[in-house]
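Quick notes on the structure that follows.
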Amino acid sequence: MSTSQIAFLKGHGTENDFVIVPDPDNALTLPAHVVARLCDRRAGIGGDGLLHVVRSAAHPDARHLADEAEWFMDYRNADGSIAEMCGNGVRVFAHHLQRAGHVEEGDLTIATRGGAKRVHLAKNGDITVSMGRALLPEENATVRVGDRSWPTRNVNMGNPHAVAFVDDLDHAGDLLTAPPVSPGTVYPDGVNVEFVVDRAPRHVAMRVHERGSGETRSCGTGACAVAVAAARRDGADPARTGLPVTYRVDLPGGTLVITEHPDGAIDMTGPAVIVAEGVIDPAWLETL
């Protein structure tokens, strides 16, 4: 990794926070151990993940999307591993692009490893991301915390989720480590686990353990997975009713509004904030 000065920003979406590294020409090499240190809350900048901001044409994982999306969100988990998608990350990524003058208010498309995502930047600051369609694999699993266990709903939003409906969010435990999910063959690459309680009709609250990051204050794809699972549980599948369904999803870091349409398309609306920007110390990088 180059030891020349590297600019960074810090941002969050409903308190799901990220280190942002602008690198339009994909000139930086970001090995996993460097990403992990940057995301370390004591030894680094701190974040649930890292948003590497690259032009699609400059990155081998996104060149095939360059004609429809100028910018690629090269997303990394806090442990440095590569992830397909991050819903809150897309909103923060889009907000950064607007703040940096790369895009204007209105519609744009962002490339991710989970496909091209349509984004709308509203005048009031809210950002809506078209999250694509959920896949509902038939194989399901059981999650266990202590002496309690629950069946989960398998929902894939470009990344895998196991959604469990519980009586009390405290039953999820401390979520410092990944809750055991069995059989492991259902999620061979790991899984994000959501614990969900009802608040009111079309209104739920959740906690989440994100693979590679631990418990986070918010998870956009997780909120979408929860809304999809809740709609199926509630008999409100838009494909069957012909009507869109909207759920308010409360997370520890704020609220997201999730709408699923009859064609399966899912929209997620919420805020995004940039809180700081600066330069990574080259001398510190050399120690890594």
Side-chain angles (χ1 to χ4, degrees), residues 16 18 32 35-36 39 48-50 61 73-90 112-115 117 129 131-167 169 171-197 204-233 237 247 249 251-252 256 258 260 264 266 268:
N16 192 188
F18 308 96
V35 173
C39 291
D48 294 322
L50 182 141
D61 290 354
M73 185 181 78
D74 175 19
Y75 182 68
R76 314 295 181 87
N77 293 314
D79 64 356
S81 59
I82 291 172
E84 300 92 336
M85 241 294 286
C86 175
N88 288 319
V90 172
T112 76
R113 290 186 176 85
K117 304 300 178 184
V129 180
M131 299 289 287
R133 294 166 174 78
L135 299 176
L136 299 169
E138 292 184 3
E139 280 190 299
N140 291 297
T142 298
V143 62
R144 179 176 295 278
V145 178
D147 59 358
R148 293 186 175 94
S149 63
W150 302 269
T152 63
R153 184 69 189 251
N154 190 343
V155 183
N156 193 294
M157 289 297 308
N159 55 359
H161 296 269
V163 181
F165 292 94
V166 301
D167 295 327
L169 289 180
H171 291 169
D174 58 28
L175 292 182
L176 294 176
T177 58
V181 176
S182 60
T185 54
V186 177
Y187 301 105
D189 299 318
V191 64
N192 305 288
V193 183
E194 287 80 23
F195 296 88
V196 188
V197 296
V204 298
M206 62 174 277
R207 291 175 63 196
V208 57
H209 182 281
E210 291 194 61
R211 59 177 181 168
S213 296
E215 182 172 16
T216 58
R217 300 283 293 171
S218 181
C219 175
T221 57
C224 293
V226 163
V228 168
R232 303 307 182 273
R233 181 201 60 174
D237 180 355
Y247 279 81
V249 182
L251 305 108
L256 296 172
I258 312 297
E260 185 179 9
I266 299 170
M268 174 191 66

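For this chain, numbers begin at 1 and follow the sequence in order.
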*Test log, rule side chain to side chain contact (heavy atoms under 4.5 Å, CB included), inputs Thr142 and Val181*: CA-CA 6 Å; Thr142 298; Val181 176; over 6 Å; no

*Atom of Gly220, atom of Leu256 and distance for their closest heavy-atom approach*: CA-CD1, 4.1 Å

*How about Phe195 and Leu175: do any of their side-chain heavy atoms sit closer than 4.5 Å?*
yes

*Side chain of Arg207, backbone of Gly173: donor and acceptor closer than 3.5 Å?*
yes

_Could you measure the distance from the NE2 atom of His209 to the OG1 atom of Thr177? Nearest 0.5 Å is fine._
6.0 Å

*Any side-chain heavy-atom pair of Val197 and Val204 under 4.5 Å*: no

_Minimum heavy-atom distance between Asn140 and Pro137, given as atom pair plus value_ = OD1-O, 4.3 Å

*Could you tell me the separation between the CG atom of Asn77 and the SG atom of Cys86, rounded to the nearest 0.5 Å?*
8.5 Å

*So how far is it from Thr221 OG1 to Glu210 CD, rounded to the nearest 0.5 Å?*
6.5 Å

_Evaluation steps, side chain to side chain contact (heavy atoms under 4.5 Å, CB included), between Ser149 and Val143_ = CA-CA 6 Å; Ser149 63; Val143 62; over 6 Å; no

*Are any non-hydrogen side-chain atoms of Glu215 and Val208 less than 4.5 angstrom apart?*
no

*Heavy atoms, side chains only, cut-off 4.5 Å: are Val228 and Ile266 in contact?*
yes

*Is Trp150 close to Val145 at the side-chain level, that is, under 4.5 Å between some pair of heavy atoms?*
yes

*What's the spacing between Cys39 SG and Leu50 CG if we round to 0.5 Å?*
5.0 Å

_Would you say that Val155 contacts Leu136 through its side chain, given a criterion of any heavy-atom pair below 4.5 Å between the two side chains?_
yes

*Any donor-acceptor N/O pair, Thr112 side chain to Gly114 backbone, under 3.5 Å*: yes

*Mark yes or no for whether Tyr187, through its side chain, and His161, through its backbone, hold a donor-acceptor pair below 3.5 Å.*
yes

*asked:* Let me confirm one number: the NE2-CG distance from His171 to Asp147, rounded to the nearest 0.5 Å.
replied: 9.5 Å

*asked:* Taking the basic N atoms (NZ, or NE/NH1/NH2) and the acidic carboxylate oxygens, is any pair closer than 4.0 Å for Glu194 and Arg153?
replied: no

*asked:* Around atom CG of Asp167, are there more than 12 heavy atoms from other residues, nucleotides or ligands closer than 6.0 Å?
replied: no

*So, Asn192 side chain and Pro160 main chain: donor-acceptor pair closer than 3.5 Å or not?*
yes

_Nearest atoms (heavy-atom pairs only) where Val191 meets Ala162_ = CG2-N, 3.6 Å

*asked:* Regarding Arg76 and Glu84, does a basic nitrogen lie under 4.0 Å from an acidic carboxylate oxygen?
replied: no

*Which heavy atom of Cys219 sits nearest a heavy atom of Asn88, and at what distance?*
N-ND2, 3.3 Å

_Heavy-atom pair with the smallest gap, counting every atom of Leu251 and Val249_ = CD1-O, 3.5 Å

*Does Arg233 make a cation-pi contact with Phe165 (under 6.0 Å, within 45 degrees of the axis)?*
yes

*Is there a side-chain contact between Met157 and Met131, using heavy atoms and a 4.5 Å cut-off?*
yes

*Where do Ala141 and Ser182 come nearest, in terms of heavy atoms and distance?*
CB-O, 3.2 Å

*Could Arg211 and Asp189 be called an ion pair, given the rule that one side-chain N must be under 4.0 Å from one carboxylate O?*
no

_Quiz question: by atom type and distance under 3.5 Å, do the side chains of Ser213 and Asp48 form a donor-acceptor pair?_
no

*Would you check if Arg217 and Asn16 make a side-chain contact, meaning some heavy-atom pair closer than 4.5 Å?*
no

*Take Asn154 and Val163 through the test side chain to side chain contact (heavy atoms under 4.5 Å, CB included) and record every step on the way to the result.*
CA-CA 7 Å; Asn154 190 343; Val163 181; over 6 Å; no

_Value rounded to 0.5 Å, distance of CE in Met206 from CG in Leu169_ = 9.5 Å

